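Every chain is numbered from 1 and lettered A, B, ... according to where its sequence line falls, protein lines coming before strand lines. Side chains included, hydrogens not; waters and symmetry mates left out as well; all remaining heavy atoms used. In this text the structure is predicted, and so the values were computed from the model without any measurement.
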Amino acid sequence: MAQILTIDDSATMRQLLRTTLADAGHHVIEAKDGVEGLQVAHGCSPRVVITDINMPRMDGLTLIKKLRAIPEYKRIPIIVLTTEIDGKKKQIAKTAGATGWITKPFDPPKLLAAIKRVLG
Amino acid sequence: MALDPRFRALFETFFEEAAEGLTAAEGALLNLSPGSEDSELVNLLFRSIHSIKGGGGTFGFTHLGRLSHVMETLLDQVREGSRHLESHSQDLLLQSVDCLRCILIAHKEAVDVDEERCERLSLEIESILAAGPGAAKEAAPNTEVVESLHSQHGWRIAFQPFPHFMAHGNDPYRLIRLVQELGPTTIVSSFAEAKSFASFEPETCACSWILELRGEASREEVRDIFSWVEGDDCELEIVELADESASKTEAEFEVASEVATHATSQASTSVQMASSSIRVPVDKIDSLVNLVGELVITQSMLARVEQDNVLHQVPELRDGLGELERNTRELQETVMRIRMLPIGTTFARFPRLVHDLGRQLGKHIDLRLSGENTELDKTVLENIGDPLVHIIRNCVDHGIEAPASREAVGKDPMGTIDLRAFHQGGHVVIEVRDDGAGVNREKLLAKAAEKGLVEADAALSDEQVLQILFHPGLSTAEQVSDISGRGVGMDVVKRNIEALGGAIAVASEPGKGTLFRIRLPLTLAIIDGQRVRIGDETYIIPLVNIVESLQAKHHHITCIAGRAEVYRFRGEALQLVRVSEVLSVPRSQKSRDGMVVVVEGDDREVALVVDELLGIQQVVIKSLDTNFERVAGLSGATILGDGTIALILDMNGLIRLANSWRHSRATQSRCRLASQ
């Protein structure tokens, strides 16, 4: 259905995302931190980006800001994966340019619903 | 959470990753000095625990989730600078890391989790959170606030996106379509904010909508659609159609006072761990190694045909053989590298070991690691851990003195143990150096005499005294502690290392410290060997043992005290070992004692006498233990190109064999001509 770029330093989480998204027919591209995510992003044009916040080398917030500075990524929905439930972090993520967030651990149907929400 | 069967396959990944995460967390905790938090380490620590919490929640491991959550909350406060990590909290976190590890193992092996321990630690951390500065934020894991759903007849939704609405990747039409999916909707668009066409900016949102949704959808469902944009990106008002007066604004987010100033994390040590890799079962690799071994044999067989000068007329075949040799060599090196792992994984357990032992004994010890990326064969790596643990325990227990006695002699009360690994000429060397008291010669000698290991008045060199350390059943601690006095002595350490084809040496200086130096082969499966002829038989001498090979000059052979023969080599007299005599190889007409091979083994050099040097080739080691039985002086066998079997000489064993053979002839040990 759609190409989706996922960025998370946890192999478990990447695998989980891949399983869930691929089962729903999406094509998944992966990166394991912000630096790699940015590199990969330059070479593909996903319809949605899903990124973790806490990552080595480059965190998700910096990544979002850098992605938003790329013309092709100005309007691409970026979903943040977070375990933090308080509003402050979400607010910071939004300020950085995130479209929305999914709370980890995520429920696969909810993730797919969220993808649907941004893909229409 | 019920476990989706699809995710069972993820378990393995999660367990491995979580174990790595815990090791990283432990390392970071041990390196953090209380009160002066290194933000890089705190971040690493936070991320590790954070990932475990995420995974724990995913798989429904509630205890894992509970404990890692409180740990994470504590670490978050440290990270934000609202709390200092005191040594009590640090200990508690270390214990919690242990507990998480136990929980993981329990889940992996499907046994009961030690709930009580987990709960106790969680409560302790919670009490710290409740008491200390920056009291805990109220955030419970994995709970969702579920509002009571009462049936509604419809909603009037006032949706007014802010101008930057689309810059965050949102699309107002998608949201409206999602509302439509909940039930029949009337849409009223308003372009009040729209500017004239000339000043129209396609990237800003200038419209607003009033949606009237009919049906049974709950307020929750409607709000859920707008949950990402409400407050920050748009104004939203959801009013029950039946009761318009009771209008409620659903603003969820208060504007944070804090400005987002998240420093970009610099590349940290965990980056190396995250390098791309695949996990392959060892048996698959081993069968590959075996195949490569066979290939090496075939290749040497073909090379032999070439030597027989049959193929001189066929240059293409010769070229082909040359190519095959290069490719075989390359393939073999690549396959061997698969089995190589960095020693850092073995080193990783030592900071905790030293920390715990030091605490137990009231000693302050700084463990410094270096050369963690040095690679070793997996089997060697697995078997070197225990000997190293033993040596390090010894350093902590017997080597490093108590802080008071260190200060008394003007040393830093903080002791140091250096653990380093590096490559040296086809070997990997691991050094463990402490700056403790060194080996007490008198005490060691007295103990050895008491146990009857040496004569009470024997005149021994320092080197010989230190060798006593490796004698079975010797413990120099005045009081046998549960730390190093476990009935396992340094003799076992030495034996284990030698079983790996390695060697251990020790040097010590009173008052300055002790150095243990372990030398290990890079791999156990294939070696470069020198083929030699002894009588009618072919033997292999491992190339790493060979110092030099030379034509035997009979005037360089001197007979000492009538029996012991030495070979003069660069002003030094080396013990001469006639391999044919030691191994009782029948002498034939071809015997001529033509060559001397100077080899290194058992910590010294000796001169081996052989009949002829045949050539250097790679040999695949086939174990004698498994196929036949252990034979002194031999480390294994190999199949040569012509299909015959050659035995591989084990230098340490051979020299010992030679000594006992010589002793049985009542001759004297090695001496030096230089001193005469």
Side-chain angles (χ1 to χ4, degrees), chain A residues 8-16 19-20 23 32-35 48-49 52-59 61-62 65 68 73-79 81 83-101 103-108 113-114 116-120, chain B residues 1 4 6-7 9-10 13-14 16-18 21 43-44 46-47 50-51 53-59 65 69 72 76 137-142 166-171 173-175 177-178 203 225 227-229 232-233 252-256 258 260 262 264-268 270-271 274 276:
Chain A
D8 199 306
D9 60 330
S10 149
T12 314
M13 201 44 78
R14 285 200 301 273
Q15 202 172 338
L16 195 54
T19 314
T20 310
D23 277 5
K32 63 179 185 301
D33 59 41
V35 173
V48 183
V49 177
D52 185 21
I53 292 191
N54 286 294
M55 290 185 291
R57 298 213 287 172
M58 184 196 288
D59 63 59
L61 297 173
T62 314
K65 284 183 203 152
R68 286 287 183 228
Y73 283 88
K74 225 168 162 180
R75 306 266 297 276
I76 301 289
I78 303 178
I79 300 173
L81 271 173
T83 48
E84 282 141 75
I85 323 174
D86 65 315
K88 205 165 71 183
K89 266 286 146 54
K90 289 172 186 168
Q91 181 63 43
I92 293 170
K94 292 232 72 164
T95 314
T99 309
W101 59 88
T103 310
K104 281 197 277 192
F106 64 79
D107 183 23
K116 195 178 164 214
R117 187 185 302 170
V118 291
L119 286 176
Chain B
M1 184 194 282
D4 188 323
R6 272 183 312 164
F7 296 142
L10 283 170
T13 315
F14 172 65
E16 283 186 32
E17 192 178 40
N43 271 329
L44 173 66
F46 179 84
R47 277 200 305 272
H50 178 84
S51 293
K53 172 179 145 180
T58 306
F59 294 119
H69 173 70
E72 189 198 55
D76 197 27
K137 278 171 284 179
E138 284 308 315
N142 314 335
M166 291 183 290
H168 283 177
N170 291 301
D171 181 345
Y173 299 114
R174 278 188 220 129
L175 300 179
R177 271 202 296 274
L178 287 171
E203 291 194 355
I225 293 173
S227 63
W228 287 352
V229 292
D232 317 309
D233 298 322
E252 195 185 12
F253 303 116
E254 51 189 79
V255 177
E258 196 182 311
H262 263 257
T264 309
S265 305
Q266 298 296 314
S268 70
S270 68
V271 173
S276 72

statement: Residue set satisfying side chain to side chain contact (heavy atoms under 4.5 Å, CB included) with A:S10, at least two apart, ordered chain then number -> A:D8, A:T12, A:M13, B:E17, B:S51

field: Rounded distance [0.5 Å steps], CG in A:N54 versus CZ in B:R47
entry: 7.5 Å

message: To the closest 0.5 Å, what do you measure between CG (B:N43) and CG (A:D59)?
response: 8.5 Å

task: Flag the pair A:R117 / B:R174 as yes when at least one side-chain heavy-atom distance between them is below 4.5 Å, and no otherwise.
output: no

query: Tell me, side chain or backbone of A:R68 under 4.5 Å from chain B's heavy atoms, or both, or neither?
result: side chain

message: Is A:A114 in contact with chain B via its backbone, its side chain, both, or neither, using a 4.5 Å heavy-atom distance?
response: both

task: Heavy-atom distances under 4.5 Å only: say whether A:A11 touches chain B with side chain, backbone, both or neither.
output: both

task: Heavy-atom pairs under 4.5 Å with chain B are the metric here; pick the option from A:I76, A:D52, A:I79, A:V49 that has the most.
output: A:I79

statement: Most heavy-atom pairs under 4.5 Å with chain A, out of B:D171, B:V229, B:I225, belong to B:I225

